Each structure stands twice: as C-alpha cells, then as structure tokens.
Amino acid sequence: MNSIGLYIASFLMAFVVSWATTPLAKKIAFKFGAVAQPRKRDMHTKPIPRMGGIAIVSGFMVTLILLSHKVESLEAMQITGIAIGGMMICILGIFDDKFELSSKLKLTIQLIAALVAVRCGITIEFLSVPFLPHFNLNWLSIPFTVVWIVGITNAVNLIDGLDGLAAGVSSIAAICLMILSIHSGHPTAVFLTASLAGSCFGFLPYNFNPASIFMGDTGSTFLGYMLSVTSILGLLKSYTLGTVCIAVLILGLPIFDTTFAIIRRILSGKPIMSPDRGHLHHRLVDKGYSHKHAVVTLYGVSGIFGLSAIGFVMSDVRFVVAIFIIMGILFYYNARINAVSATETQPDSSPQSIN
C-alpha cells in the first residue's frame with residue numbers, strides 16, 4: 001500500500017469505526033448514568049448522554065492498532081507512548097463524565113500522561129520563532145513539552161460548549177496538521193492526524209446540532225491530547241522557521257479562547273479552572289447567533305487560522321492576504337445576515353389594537 005492509499009485507508013477506517021460505535025457509546029453512557037443535565041451556563045435544555053468520546057477513541061485506536069505497522073519510519077516507542085497516554089486521558093475522561101472529578105486530580109493525571117509521551121521520545125527540543133535566533137531548550141525541553149501537551153488538552157476541552165464545536169474544530173486542526181506534516185515529510189504525524197480527523201468526522205453526524213450525544217471529557221481531552229502530540233511530531237520537531245507560531249496558528253481558536261478565559265478569571269478573582277459563560281461561543285449565542293450559526297462561524301475562524309498557517313509555511317504571502325480578505329468579507333455578510341435574522345425573529349413590541 002502506498003503512502004496516499006494508507007492515509008486514505010486510515011481516515012476511512014477511523015471514520016467507519018467511530019460512526020458505527022457511537023450508538024454503543026450512547027448505551028454505555030445511559031448504563032453508567034453519564035448524562036448531562038441542563039445547567040445555567042449550558043446551551044442544551046434537556047438531558048443528553050455524554051461519553052461519546054468512546055467512539056472517537058475507538059475509531060482512532062482501532063486504526064492505530066491495525067494500520068500503524070504499515071507506516072514508513074515508524075518509531076514503535078513513540079506510538080506506544082501515544083497509545084498509553086491517550087488511553088490514560090480517555091479513562092480519566094470516562095470517570096470525569098460519570099463522577100465530575102476535582103480539577104487537581106484531573107491535572108495530575110494529565111501531567112502523568114504528558115510525561116509518558118515525553119518518556120517515549122515526544123519532546124519539543126528547540127524553539128524556532130520568526131525574527132529570533134534558533135533556541136535549543138536543553139533541560140527546559142521536558143517542562144516545555146509537558147506544558148504544551150497539558151495546555152492543548154485543556155484548551156480543546158474548554159471549547160466543547162456547543163454541539164459539534166470541538167469535533168469540528170479538531171477536525172479542521174487535524175487536517176491542517178496533516179497537510180503540513182505531508183509537506184515537512186513526517187509520515188507518522190500524517191497517519192495520526194488522518195486517523196484523528198476520520199474519528200471526528202465519524203462522530204460529528206451524531207454531535208452536530210441538535211446533538212443526540214456529547215463527546216464529554218472522554219472525547220474533548222483525548223482530542224486535545226492527540227492534537228498536542230501530533231503537532232510536536234509533525235511541526236515542533238522540525239527546524240523550519242516559525243514552527244511554534246505555525247502550531248499556535250493551527251490550534252489558534254482553542255489557545256486564544258483559553259488564554260482569554262484565564263486572564264478573565266484572574267482579573268475577576270476567580271479560580272482559573274472555574275467554569276463561566278465568557279467563552280467565545282457563549283458570547284456569540286448571547287449576541288443573538290443561533291446555535292448552528294455560532295458553530296459554523298467558529299469553524300470559519302478555525303479555518304482562517306489553519307489556512308494562514310499553511311500559507312506561511314508555503315511562503316505565499318499573497319495566499320495569506322487573500323484568505324484574510326475573503327474571510328473578512330464572508331464574516332461581514334455573516335454578521336449582516338445574523339442581524340437581519342435576529343430582527344425578523346424578534347417579537348413585535350408595538351401595542352396591539354383591541355377589537
């Protein structure tokens with residue numbers, strides 16, 4: 001099987017397994033009582049099963065087990081670390097979806113999972129940033145890698161606030177990482193991102209608004225963990241100029257949303273891990289965007305970040321500028337359409353005549 005055929009097969013296998021096992025994940029969620037009850041900050045109004053991430057994990061892991069041996073230049077130690085760390089995150093998510101574990105316990109397990117990846121050779125060994133000299137991290141490599149993995153894991157988890165948002169954004173990020181991994185020649189990262197994208201797409205039909213199941217922390221933290229480690233393998237191990245900026249761009253939506261959430265909570269004197277309704281997706285809905293409209297808008301934002309990263313790597317400034325201009329026009333008309341829709345759906349407040 002040639003490389004392109006392998007990547008297509010990986011995507012399709014992960015898609016089919018994820019799609020086929022989502023109904024089973026629903027039954028497991030109901031059996032274990034992992035059901036999301038509506039809360040004040042939530043967007044859903046009726047109980048919905050979570051643990052849908054079991055299907056995403058199944059799609060990815062089955063593909064990893066059956067096809068990874070066909071990947072060129074595969075390092076068994078790295079794949080082992082990814083599998084073990086990913087399953088740790090998955091099991092943690094399952095318990096969290098059922099029992100709502102404390103933030104300290106979750107952070108501890110996430111740190112251990114990150115260290116497993118580091119122990120198996122998945123590390124950020126240097127920084128390459130535009131306009132700055134190449135910087136070898138040396139002893140800072142381990143803490144920097146751990147912070148990156150744990151940070152992205154939680155960033156993806158925090159954007160999982162609307163039906164289909166985390167799955168769609170993760171799909172976009174995975175595809176962009178896959179393209180750049182092909183460009184930089186990292187077959188293991190291409191295989192992993194293709195499998196991850198397929199798993200997300202297989203789950204998305206059940207999760208898009210109106211969702212019949214949520215991925216829960218089982219899925220969102222697993223996606224964050226996998227995106228963080230694959231970005232290291234596909235980008236951050238490369239000497240290409242600006243790799244850190246490129247990785248941040250691809251994962252821009254969850255990174256910036258989480259950064260602003262942390263700043264917002266610090267300024268308001270709240271714990272960093274405390275939930276609120278200040279995330280970007282909440283703000284869009286509060287401004288009158290419909291659920292689907294808000295999600296599609298954020299897909300567009302994530303797409304802009306990803307395409308911009310690809311344009312920078314390809315050294316095509318005109319492509320990047322064109323993307324920003326086109327998306328700016330689309331967002332302008334998107335806002336206009338949303339404003340008109342909000343006006344049309346607003347109840348008539350004029351006094352009614354009495355006959």
Side-chain angles (χ1 to χ4, degrees), residues 50-54 56-57 60-61 64 78 81-97 100-120 122-124 142-161 165-174 176-177 189 192-193 195-197 199-200 203 214-236 244 247-248 250-262 265 271-275 279 302:
R50 42 195 179 190
M51 280 192 190
I54 291 174
I56 296 174
V57 176
F60 183 86
M61 287 298 180
L64 187 70
Q78 290 181 346
I82 289 170
I84 294 175
M87 288 309 300
M88 289 177 64
I89 294 294
C90 171
I91 294 170
L92 173 65
I94 289 173
F95 278 96
D96 190 36
D97 286 336
E100 296 191 4
L101 305 175
S102 69
S103 298
K104 290 182 179 180
L105 176 59
K106 289 190 289 186
L107 181 60
T108 300
I109 302 300
Q110 289 170 3
L111 288 170
I112 295 173
L115 288 171
V116 168
V118 169
R119 180 65 181 82
C120 293
I122 302 172
T123 56
I124 304 171
I142 292 177
F144 194 92
T145 303
V146 169
V147 169
W148 174 260
I149 293 175
V150 173
I152 300 302
T153 298
N154 286 285
V156 175
N157 180 39
L158 288 175
I159 65 166
D160 185 27
L165 181 57
V169 169
S170 296
S171 300
I172 294 169
C176 292
L177 280 170
L192 293 173
T193 47
S195 303
L196 196 63
S199 298
C200 291
F203 178 71
F214 294 153
M215 67 170 64
D217 279 13
T218 307
S220 60
T221 53
F222 178 83
L223 288 176
Y225 183 85
M226 288 303 165
L227 285 171
S228 66
V229 296
T230 53
S231 66
I232 294 172
L233 290 177
L235 289 176
L236 296 175
V244 172
V248 169
I250 290 177
L251 299 166
L253 181 61
I255 287 175
F256 292 133
D257 186 57
T258 299
T259 300
F260 290 134
I262 292 173
R265 290 164 188 173
I272 292 177
M273 301 298 288
S274 64
H279 292 285
S302 186

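We use all heavy atoms of the structure for the numbers below, so side chains are in, but hydrogens, waters and symmetry mates are not. Only a predicted model underlies this, so the values are computations on that prediction, with no experimental measurement involved.
Taking the side chain as every heavy atom from C-beta outward, M215 and S220 approach each other to under 4.5 Å. In this structure the side chain of L158 never reaches within 4.5 angstrom of the side chain of P254, judged on heavy atoms. Proximity of I94 to C90: side-chain heavy atoms (C-beta onward) are separated by under 4.5 Å at one or more points. When side chains are defined from C-beta on, F95 does not count as touching L105, because their heavy atoms never get closer than 4.5 Å.
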**Report entry** side chain to side chain contact (heavy atoms under 4.5 Å, CB included) between I122 and L233, intermediate numbers included
**Finding:** CA-CA 7 Å; I122 302 172; L233 290 177; 4.3 Å; yes

Requested in this report: Before giving the answer on side chain to side chain contact (heavy atoms under 4.5 Å, CB included), spell out for F222 and M61 the whole-Å C-alpha distance, their side-chain angles and the decisive distance to 0.1 Å.
Outcome: CA-CA 11 Å; F222 178 83; M61 287 298 180; 4.0 Å; yes

Requested in this report: Decide yes or no on side chain to side chain contact (heavy atoms under 4.5 Å, CB included) for V156 and Y225, but give the supporting numbers first.
Outcome: CA-CA 9 Å; V156 175; Y225 183 85; over 6 Å; no

Report task. Before giving the answer on side chain to side chain contact (heavy atoms under 4.5 Å, CB included), spell out for W148 and T123 the whole-Å C-alpha distance, their side-chain angles and the decisive distance to 0.1 Å. Result -> CA-CA 10 Å; W148 174 260; T123 56; over 6 Å; no

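With sequence neighbours left out, D97 forms a side chain to side chain donor-acceptor pair (under 3.5 Å) with T218. Partners of F203 under the ring-ring contact (aromatic ring centres under 6.0 Å, His included) rule, at least two apart in sequence or in another chain, do not exist in this structure. Every residue two or more places apart in sequence or in another chain was checked for a side chain to side chain donor-acceptor pair (under 3.5 Å) with D217, and none qualifies. In terms of the side chain to side chain donor-acceptor pair (under 3.5 Å) criterion, T193 has no residue partners (sequence neighbours excluded). Among residues two or more places apart in sequence or in another chain, the side chain to side chain donor-acceptor pair (under 3.5 Å) test is passed with S195 by none.
Contact record, C120 with G81: SG-CA, 3.4 Å, taken as the closest heavy-atom pair. Of all non-hydrogen atoms in V229 and A117, the two that sit nearest each other are CG1-CB, 4.3 Å. In this structure, S228 and T153 approach most closely via the heavy-atom pair OG-OG1, 4.4 Å. When all heavy atoms of S171 and A197 are compared, the closest pair comes out as OG-O, 4.3 Å. When all heavy atoms of G224 and I152 are compared, the pair lying nearest together is O-CG2, 3.4 Å. Closest heavy-atom contact between V116 and G85: CG1-N, 4.1 Å.
Of the residues listed (L223, V57, I56), the one engaging S199 in a side-chain contact (heavy atoms from CB on, under 4.5 Å) is I56, and it is the only one. A side-chain contact (heavy atoms from CB on, under 4.5 Å) with L235 is found for exactly one of T230, I250, I124, namely I250.
Side-chain atoms of T258 never come within 3.5 Å of backbone atoms of I255 as a donor-acceptor pair (strictly under, hydrogens ignored).
Rounding to the nearest 0.5 Å places CG of D96 at 11.0 Å from CD1 of I89. Separating the CE atom in M87 from the CG atom in L92 is a distance of 12.0 Å, to the nearest 0.5 Å. The line from OG of S302 to CG of L253 is 5.5 Å long, rounded to the nearest 0.5 Å. To the nearest 0.5 angstrom, L177 atom CG is 6.0 Å from L251 atom CG. Interatomic distance, CG of D160 versus OG1 of T221, reported as 9.5 Å (0.5 Å rounding).
No more than 12 heavy-atom neighbours from other residues, nucleotides or ligands sit within 6.0 angstrom of CD1 on I142.
Applying the side chain to side chain donor-acceptor pair (under 3.5 Å) test to pairs two or more places apart or on separate chains, those with a residue in residues 107-119 are Q110-N154.
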